[in-house]
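Okay, structure first, notes after.
The residues of the chain are indexed from 1 along the displayed sequence.
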Amino acid sequence: MRPIFIVLLLGVLCVVAEAQEVEPSVSGRVVRADSGLPIEGASVRLERAGVASSNGEYPTAITDTHGEYRFGRDVEAGVHIVSASAAGFVSQTYSSDGTLEGKFQRVDGAKPLRGVDFRLEREAVIRGELVDAEGKPAGAEIEVAAVRKENREDGSERLLPVNWVKTDAKGKFVLTKPPSGTYFVCVNGPNGFDAFPSAEGWMRETWYGNADSVDGATPVALKEGDERNDVRIRVQREGRYRVIVWSSGPDDQPRPDRYSLHIENRSHTSSSQSDGSWVIPGIPPGHYRLVGIAWGDAGYVGEGDVNFDVVDADVTLHLHVGGLGEIHGTARSEDASGRVPAGVMIGIKSGEAEQGKDVDAAGGFVLDRVLPGRYTFELLKKPEGVEIRGVRCGGVAVSADQPLQVHDREKIAGCEVVVVGGGSR
C-alpha cells in the first residue's frame, strides 16, 4: 500500500504545481495569414512606448512549435508596443482595434494581456537593376525605395517609403518585406528621402518607368508572396547644391538659442557653422520654400519663410523670423440658444504648427503664441456629432482653400467659429 500512496501524493503535487504556475504578462500566437498554420521561431518584441533602449535591445520571446509565445511576470509595467517578425514574412505591429491608438498596450501586474495574436503575410520581393544611359550597371551604394501612396486625414496624398536598400556593385537591388499592395519604385527619393551621394556623386531622383515623378511612374502590384524580378530603371547623374542660410529675428526677442530649418516637401539634413550660418546640402535644381522656426528657453519664439530657386550653383538666403501673434474669437452654435456644447476646444493648424484652447462659458477663446503662417481652424476636442459649419475672421471666410494669414506679432480679433450639432450647454 505504501507505493500506491507515494504515486497518489506525487499526482497531487503535480496538480498543485500546475495550479500555481505563474501566469504570463503577455501571451499569444503567431500564425500564417494564408493558412492559419503556426510559425515556429518567430520573434515577438516588447518595446516600451516613448522609452528608447540604451543598448538597442528589447525583451523578446520566440514562438514554439504551436506558434505560441509568452512573456513572464518580470516585464516592466507600463505602456508597450508589441511586434512580431519571422524570416520570409512581413513584420507586424499588434493593434487591438486596427488603429494607431490600438497599438499601445498597458502591461501591469493586475491584468495580463492574453490573445495578442499575429497573422503574418508571406513577404513579397521586388528585384531589379539600375543602368546608365548606355545600359551599363549604374554602380553601388545608390538608394532604391519601394513607395506606397496613402491618404492623410485631410484627404491629401502622401508618399510613404515602405522599404529601402542600396544597390550592389552591379547596380542590382532586392526589396523585401513589402505586404501585398501597389508600389512605386524610386531611386534617391521620394523628395530626397534617405538619399546620399555615392562615390561618383548624386543620381537624379528617378522612378520605375523612367519618370521624373510618381505621376508618370509604372506601378508594381504585389499579392502576398509575389516576386517581381524585372524592374529596370535608367538613371543619370545630376548636380546638387548647398543652401546657405543666415537667420535673424524675431525683432522683439533676444537672439534665439537655435533655429530649426526645413525645406517644404524635401527630406534633408542641416548643420550649423562656426560663422553663425546654417548649411543644407544636396538640394537638386528646383523651386522651394524654406521655413525656419526660432527656439528659446520657453519653446518656439518665432517663424519665418522664404521662397527660392536652385539652378546650377549654391544658394545663399537671408531668413528673417517674425514674432508671435494672437487670435481672439468666439464660438457659437447654429441652434436656437447659440451656445456651444461643453467640451469644445478650438484649434488652429498650419504646415508647421498646431495649437488649441478650450472655449470659455461665453464661447470665447484666445490663441496666443501663434507663429506667423497660414492657418485653418478645427475642433481638437468636441462632443460626438459636433462639427464646424464655418469660420470668419474680420468678416472674411476662412477655409482650407483660403486660410487665415497671421503676420509678425499680429493680433487678430473678431474671429467667429460656427458649430453645428451636440445641442446646447
Any side-chain donor-acceptor pair under 3.5 Å between [X] and [Y]?
{"X": "Asp408", "Y": "His320", "value": "no"}
{"X": "Glu378", "Y": "Thr376", "value": "no"}
{"X": "Trp202", "Y": "Glu200", "value": "no"}
{"X": "Trp295", "Y": "Ser260", "value": "yes"}

Salt bridge check, [Y] against [X]: does any charged N sit closer than 4.0 Å to a carboxylate O?
{"X": "Glu264", "Y": "Arg266", "result": "no"}
{"X": "Glu387", "Y": "Arg389", "result": "no"}
{"X": "Arg289", "Y": "Asp305", "result": "yes"}
{"X": "Arg234", "Y": "Asp132", "result": "no"}

- Query: Which pairs count as side chain to side chain donor-acceptor pair (under 3.5 Å) when at least one residue sits in residues 188-197, sequence neighbours excluded?
  - Reply: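 Applying side chain to side chain donor-acceptor pair (under 3.5 Å) to every pair that reaches into residues 188-197, excluding sequence neighbours, yields Trp164-Asp194.
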
- Message: Under the criterion salt bridge (Lys or Arg N to Asp or Glu O under 4.0 Å), I'd like the reasoning laid out for Arg332 against Glu416: C-alpha separation, chi angles, the key distance, then a yes or no.
- Response: CA-CA 8 Å; Arg332 67 175 180 86; Glu416 182 183 62; 2.9 Å; yes

- Does atom CG of Asp230 have more than 12 heavy-atom neighbours from other groups under 6.0 Å away? yes

- Item | More than 12 heavy atoms of other groups within 6.0 Å of Lys170 NZ |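 Atom NZ in Lys170 is not crowded, with 12 or fewer foreign heavy atoms closer than 6.0 Å.
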
[X] to [Y] - nearest heavy-atom pair and separation:
{"X": "Ile346", "Y": "Leu367", "value": "O-CD2, 4.1 Å"}
{"X": "Thr65", "Y": "Pro38", "value": "O-CG, 3.7 Å"}
{"X": "Pro190", "Y": "Val147", "value": "CD-CG2, 3.7 Å"}
{"X": "Val162", "Y": "Pro179", "value": "CG1-CD, 4.3 Å"}

- Query: What distance do Glu303 atom CD and Leu319 atom CG have between them, rounded to the nearest 0.5 Å?
  - Reply: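 Reported value, rounded in 0.5 Å steps: 9.5 Å.
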
According to side-chain hydrogen bond (donor to acceptor under 3.5 Å, both in side chains), who are the partners of [X], at least two apart in sequence or on a separate chain?
{"X": "Asn265", "result": "none"}
{"X": "Gln405", "result": "none"}
{"X": "Thr218", "result": "none"}
{"X": "Asp401", "result": "none"}

- Query: Can you say whether the rings of His268 and His262 are parallel (under 30°), tilted (30 to 60°) or perpendicular (over 60°)?
  - Reply: parallel

- Query: If you draw the axis of the six-membered ring of Tyr300, does the NZ or CZ of Arg369 fall within 45° of it and under 6.0 Å from the ring centre?
  - Reply: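 Checked: cation-pi criterion met.
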
- Item | Contacts of Glu40 that satisfy salt bridge (Lys or Arg N to Asp or Glu O under 4.0 Å) - sequence neighbours left out |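 Glu40 satisfies salt bridge (Lys or Arg N to Asp or Glu O under 4.0 Å) with no other residue.
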
- I would like to know whether Lys357 and Val366 meet side-chain contact (heavy atoms from CB on, under 4.5 Å); could you show each step before the answer? CA-CA 7 Å; Lys357 284 290 180 67; Val366 177; 5.5 Å; no

- Query: Picking from Val315, Asn307, Ile283, what satisfies side chain to side chain contact (heavy atoms under 4.5 Å, CB included) with Tyr288?
  - Reply: Ile283

- Under 3.5 Å, side chain of Arg232 to main-chain N/O of Glu129, donor-acceptor pair present? no

